[in-house]
Amino acid sequence: MDQSSHRRRMAQHREQRKAEGFREANVWLRQDTLAEIDELVASGQFRNRSEAIAAAAQAFFKEKTLNT
């Protein structure tokens with residue numbers, strides 16, 4: 001896949017995600033945390049880092065809601 005078609009595909013992906021109500025956010029993570037996320041992805045528990053991080057955030061806020 002050449003670089004221009006990759007950029008188009010990624011732009012389409014971002015637009016689709018926005019239409020679904022998602023918003024993009026960049027985060028800084030410690031190397032050890034990122035390594036743990038990569039292990040989860042490598043083991044097949046998540047398709048990619050984004051899904052793993054989103055699941056962790058959702059679990060955090062769900063637990064926070066249950067504890068308040």
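Since the structure is predicted, the reported quantities are computational estimates derived from the model, not experimental observations.
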Between F46 and A55, which heavy-atom pair has the shortest distance, and what is it? CE2-CB, 3.5 Å

Could you list the residues that satisfy side chain to side chain donor-acceptor pair (under 3.5 Å) with S5, not counting sequence neighbours? D2

Name all residues meeting the side chain to side chain donor-acceptor pair (under 3.5 Å) criterion together with R47; count only those two or more places apart in sequence or in a different chain, and write none if there are none. E51

Who pairs with D32 by side chain to side chain contact (heavy atoms under 4.5 Å, CB included), at least two apart in sequence or on another chain? R30

For a quick test of your reading: what N or O donor-acceptor pairs under 3.5 Å do the side chains of residues 7-17 make, sequence neighbours left out?
{"unit_1": "R14", "atom_1": "NE", "unit_2": "E24", "atom_2": "OE1", "d": "3.1"}
{"unit_1": "Q16", "atom_1": "NE2", "unit_2": "E20", "atom_2": "OE2", "d": "3.2"}

According to side chain to side chain contact (heavy atoms under 4.5 Å, CB included), who are the partners of T65, at least two apart in sequence or on a separate chain? none

Apply side chain to side chain contact (heavy atoms under 4.5 Å, CB included) to N67 and list each qualifying residue two or more places apart in sequence or on a separate chain. E63

Side chains of residues 34-41: which donor-acceptor pairs under 3.5 Å do they make with residues two or more places apart or in other chains?
{"unit_1": "D38", "atom_1": "OD1", "unit_2": "R49", "atom_2": "NE", "d": "2.7"}
{"unit_1": "D38", "atom_1": "OD1", "unit_2": "R49", "atom_2": "NH2", "d": "3.3"}
{"unit_1": "D38", "atom_1": "OD2", "unit_2": "R49", "atom_2": "NH2", "d": "3.0"}

